[in-house]
Amino acid sequence: MEVNEIIKPENLVYKKSRLMREKPFNFCPGCGHGVVVRTIAEVIEEMGIEHDVIGISPVGCSVFLYDFYNFDVVEAAHGRACAVATGIKRVQPSKYVFTYQGDGDLAAIGTAETMHACNRGENIVIVFINNGIYGMTGGQMAPTTLEGMKTTTCPRGRDVRTMGYPLNITPLLAQLPGVCYVTRHSVHTPGNVRKLKKALRTAFENQRDKKGTSIVEVVSNCNSGWGMTPKQANEWMVENMFKKYPLGDMKVDGKLVMDMNEPR
Amino acid sequence: MEERELRLMKGNDAIAEAAIRAGFDAFYGYPITPQTEVMEYLMETDATARTGMAVLQAESEVSAINMVYGGASTGHRVMTSSSSPGISLMAEGISYIAGAELPCLLINVSRGGPGLGTIQPSQADYFQTVKGGGHGDYKLLTLAPSSVQELTDFIPLGIDLAFKYRNPTMILADGALGQMMEKVALPPQRPRLAEYPDWATNGTPRGKERRFITSLNLLPKEHELVNIRLQAKYREMEKNEVRYQEFMCDDAEYIIVAFGIIARIAQKAIEIARENGHKIGLFRPISLYPFPMDQIKALAENPRVKGFLSVELSAGQMIEDIRLAVEGRKPVGFFGRQGGMVPTPGEVEEALYKQFNIK
Ligand SMILES: Cc1ncc(C[n+]2csc(CCOP(=O)(O)OP(=O)(O)O)c2C)c(N)n1
Ligand code: SF4
Ligand SMILES: [Mg+2]
C-alpha cells in the first residue's frame with residue numbers, strides 16, 4: 001500500500017482524541033499511564049460530555065492531567081482526590097466528575113477519603129492506577145507492592161512481617177453498598193485496552209444514571225520504578241501482579257459478581 | 001437600609017443562619033467543640049431545603065477542607081468552620097487553596113492549645129492564622145469579630161472579599177463568641193450565585209478554552225512569578241482591606257490594643273480607668289491580616305501617647321505585630337491569660353496601671 005492510501009480517512013483505524021491537547025506526555029516510554037489517560041479522553045469524546053466533565057488529578061505521575069486534556073481539570077493534594085470530587089459533585093450534581101489516582105494516593109495517604117466517598121456512594125468515577133509502587137517519587141514501596149518485591153524503601157523485598165501485606169483494596173471497596181461498579185483491567189494488549197474502554201464507558205454511564213460510585217482499577221506497570229524494560233515490565237506484571245490482582249468485574253450494577261478476596 | 005430581622009442567637013447558630021442568608025452553596029465540616037452547633041444548626045433548620053445549599057459532614061477536617069477546595073474550584077460559595085486542632089489538620093489544604101487562588105470562607109472558633117488543650121476560648125492561633133499555618137508564602141484575609149453581630153456580618157463580607165481577591169478569608173473567632181448569646185440583626189436572604197467566574201472549573205463552556213486549577217509549577221522561574229503575583233495581590237489587600245476600631249483614642253495617653261472578645265473586656269476596663277481619671281484608649285484591629293500597621297504607627301508617633309498594652313488570650317502573639325508597627329517609639333507591654341482563661345475587666349485595669357506605673 002502507498003503512504004497516501006494509508007492516510008485516507010476511510011482507512012483510518014486510530015486517531016488521537018480531539019480532547020487530547022498537543023502537550024507531549026511526561027510519562028516514561030512504555031508506561032501504562034498514557035494509554036489510560038487517552039482512553040478516558042476517547043470515552044468522554046464518544047459520549048459527547050466534554051462540556052460537563054471535571055477531572056481531578058492528585059499528586060502522582062499523572063498530576064499533570066490538565067496539561068493533556070481539553071476539558072476542565074482540578075489538581076488535588078496527594079490523597080485528597082475523592083474529597084475534592086465530593087466537594088465538586090455536591091455543588092454540581094449534573095456534571096460528570098472523575099478522579100485519576102495512583103495506588104499510593106488511593107490506598108495509602110487517601111484511604112480515608114476514598115473509603116468514605118465510596119461509602120457515601122458519591123456519584124463519581126474513580127480511575128485507580130495500581131502499579132504497585134510510588135512512581136512519581138522514584139520507586140518507593142506502595143501499599144500494593146507485592147510480597148518480596150524490591151523497591152527503594154524495601155530494597156531487600158517487601159517483608160510482610162514488618163511492612164504489612166499488599167493491600168488489595170478494590171474488593172474491600174466493592175463491599176460497600178454505595179459502590180455500584182468495581183472492575184479491574186490492564187492496558188498491556190490492544191484487547192485489554194478495548195475492555196478497559198468499555199468499562200470506562202459503563203462507569204460514566206453509571207454516573208449519568210446516578211447509580212453511585214464506580215471504580216475502574218487498572219493494574220499497570222512502572223518500568224522505571226520496577227527497573228525493567230517496558231517489555232519485561234509487562235511480562236512481570238502478567239506473571240506476578242495479575243496473580244495478586246486478577247482482572248475482571250468484581251461488582252456490576254450493585255451486585256458482587258466475583259469473590260475477589262482470595263488471590264487465585 | 002435593608003430590612004433586618006432581630007433575634008437572640010448563640011454565635012455558632014448565627015454563623016450558620018448568616019451562611020444560609022449569605023447564599024452559600026455548600027458547607028463542609030467536621031464536628032469539634034466549641035463550634036459543632038454550626039453544622040447542627042444547618043441540618044436542624046434544613047439549609048438544603050431553604051436554599052439548596054449542600055451541607056455535608058466529612059470524615060475528617062482533612063477531607064472537609066479538600067471538599068472546600070473542590071467546591072471553590074467551581075466558583076461556588078463554599079465554607080467550613082472548625083476549631084484549633086481541626087484547623088491544624090486543614091493546614092495543607094488551606095495552603096493549596098491559597099496557592100490555587102480559590103475563594104472560600106474558613107472559620108476558626110478557636111480554643112486553647114497546644115495539643116488537645118481545652119475547649120475554652122483562646123487567641124493562641126493568631127500566629128497560625130496570620131503568619132502561615134500551612135506551608136509556603138501565603139496570606140489569609142483575616143477578620144476578627146468581637147460580637148455575635150460582627151460575626152454574623154463578616155460571613156457575607158468574608159466570602160465577598162474572598163471572591164474579590166480570589167483568596168481564602170478566615171474569620172478568627174473564639175469559643176466565647178461561638179457559645180455566647182447576643183442580639184443579632186440578621187440580613188435578608190440573598191440568592192445563591194447564578195453565574196460563576198471565568199476561571200471556575202465547572203465544565204468547559206462551548207467554544208471556550210478548558211480551565212484548570214492547580215498550585216503546581218515545576219519550573220522555579222515560573223513559580224517565582226506566581227509567588228510575585230501572589231505578593232502583589234497581598235500588597236493590594238494591605239492597601240484596601242485594613243479594618244479597625246478606635247475607642248476613646250482621641251485624648252488617650254495609653255492605648256490598649258486588643259482584638260476579638262478580649263477587646264470587649266478591655267473596653268470595660270478602660271471605662272473604669274476613665275472614671276478614675278486615667279486617659280486610656282482602645283485600638284481594636286478588626287482585620288488581623290492585613291494588620292493596621294500604619295494606624296498603630298501613627299498613634300506611636302503621637303507625642304501624647306506614652307505607651308501601649310497588648311491584651312490577648314495567649315502568651316503574646318499579636319504583640320509582635322504591634323511592636324513592628326511601633327518600631328521602638330514607645331514602650332509596648334503585654335497582659336494575657338492562657339489556656340482558656342479569660343481575664344476580668346478588673347484584671348486588665350490592674351495590668352494597665354502596673355505596666356505604666358499609674359494609680
Ligand atoms: C502530603 C504529601 N506527601 C508526600 C508527597 C510526595 N509524593 C508525591 S507522589 C507520591 C506517590 C505517588 O504514588 P502513586 O499514588 O502510586 O502514583 P504513581 O506515581 O505511582 O502513579 C508521593 C509520596 C506529596 N506530594 N504530598
Ligand atoms: S515513573 Fe513509573 S508510573 Fe511514573 S511515568 Fe514512569 S513508568 Fe510510569
Ligand atoms: Mg503507583
Study note, to complete from the structure: Scored by heavy-atom pairs under 4.5 Å with chain B, the best of A:Thr86, A:Val53, A:Val63, A:Ile56 is A:Thr86

Point to revise | Max heavy-atom pair count under 4.5 Å with chain B, selected residue of A:Ala76, A:Ala83, A:Ala81 | key: A:Ala83

Exercise for review: Could you tell me which residues satisfy side-chain hydrogen bond (donor to acceptor under 3.5 Å, both in side chains) with A:Arg90, sequence neighbours excluded, listed by chain and number?
Suggested key: A:Glu122

Review point. Side chain, backbone, both or neither: which part of A:Glu113 has a heavy atom under 4.5 Å from chain B?
Key: both

Check your understanding: Just checking, is any N or O donor in the side chain of A:Thr153 or A:Gln140 under 3.5 Å from an acceptor N or O on the other one?
Key -> no

Revision key, fill the gap. Within residues 14-27 of chain B, the residues sitting under 4.5 Å from chain A by heavy atom, in sequence order, are B:Asp25, B:Ala26

Review point. Donor-acceptor pair, A:Asp103 side chain versus A:Thr144 backbone, under 3.5 Å?
Key: no

Point to revise | side chain to side chain donor-acceptor pair (under 3.5 Å) evaluation trace for B:Gln35 with B:Asn12 | key: CA-CA 6 Å; B:Gln35 69 73 54; B:Asn12 286 334; over 6 Å; no

Practice item. Using non-hydrogen atoms and a 4.5 Å limit, figure out which bit of B:Ala100 sits close to chain A: side chain, backbone, both or neither. Key: neither

Check your understanding: Mind checking whether A:Phe204 and A:Phe98 have ring centres under 6.0 Å apart?
Key -> yes

Exercise for review: Go through the side-chain N and O atoms of A:Gln207 and A:Lys89 and say whether any donor and acceptor fall under 3.5 Å apart.
Suggested key: yes

Check your understanding: Salt-bridged, B:Glu209 to A:Arg21, with N to O below 4.0 Å?
Key -> yes

Study note, to complete from the structure: Highest number of heavy-atom pairs under 4.5 Å with chain A among B:Leu216, B:Thr214, B:Thr204 belongs to B:Thr204

Review point. Is the closest basic N to carboxylate O distance between B:Lys208 and A:Asp72 below 4.0 Å?
Key: no

**Study point:** Proximal to chain A - members of residues 50-59 of chain B, heavy-atom separation under 4.5 Å
**Key:** B:Ala54, B:Leu56, B:Glu59

Review point. Where on A:Val59 is there a heavy atom nearer than 4.5 Å to chain B: the side chain, the backbone, both, or neither?
Key: side chain

Check your understanding: Are more than 12 heavy atoms from other residues, nucleotides or ligands located less than 6.0 Å from atom CD of B:Glu224?
Key -> no

Point to revise | More than 12 heavy atoms from other groups under 6.0 Å of CD on B:Glu44 | key: no

Review point. Contact part of B:Ser215 toward chain A, heavy-atom cut-off under 4.5 Å: side chain, backbone, both or neither?
Key: both

Review point. Would you call B:Glu101 and B:Arg166 a salt bridge, using N to O less than 4.0 angstrom?
Key: no

Point to revise | A:Tyr96 portion near chain B, given a 4.5 angstrom heavy-atom threshold | key: neither

Check your understanding: Got B:Trp199 and B:Leu102 here, is their nearest side-chain heavy-atom distance under 4.5 Å?
Key -> yes

Practice item. Give a yes or no on whether A:Lys23 atom NZ has more than 12 heavy-atom contacts from other residues, nucleotides or ligands under 6.0 Å away. Key: no

Practice item. Before giving the answer on side chain to side chain donor-acceptor pair (under 3.5 Å), spell out for A:Asn168 and A:Arg184 the whole-Å C-alpha distance, their side-chain angles and the decisive distance to 0.1 Å. Key: CA-CA 11 Å; A:Asn168 189 2; A:Arg184 187 184 277 142; 2.6 Å; yes

Check your understanding: Checking side chain to side chain donor-acceptor pair (under 3.5 Å) for the pair B:His135/B:Tyr96: CA distance, chi angles, key distance, verdict?
Key -> CA-CA 9 Å; B:His135 56 285; B:Tyr96 269 70; 5.7 Å; no

Revision key, fill the gap. Residues of residues 67-93 of chain B with a heavy atom under 4.5 Å from any heavy atom of chain A, in residue-number order, are B:Met67, B:Tyr69, B:Gly70, B:Gly71, B:Ser73, B:Thr74, B:His76, B:Glu92

Exercise for review: Counting only heavy atoms closer than 4.5 Å, note whether A:Val74 contacts chain B via side chain, backbone, both or neither.
Suggested key: both

Practice item. Give, for atom CZ of A:Phe27 and atom CG of A:Asn223, the distance between the pair rounded to the nearest 0.5 Å. Key: 12.5 Å

Review point. Would you call A:Glu42-A:Lys15 a salt bridge at under 4.0 Å N-O?
Key: no

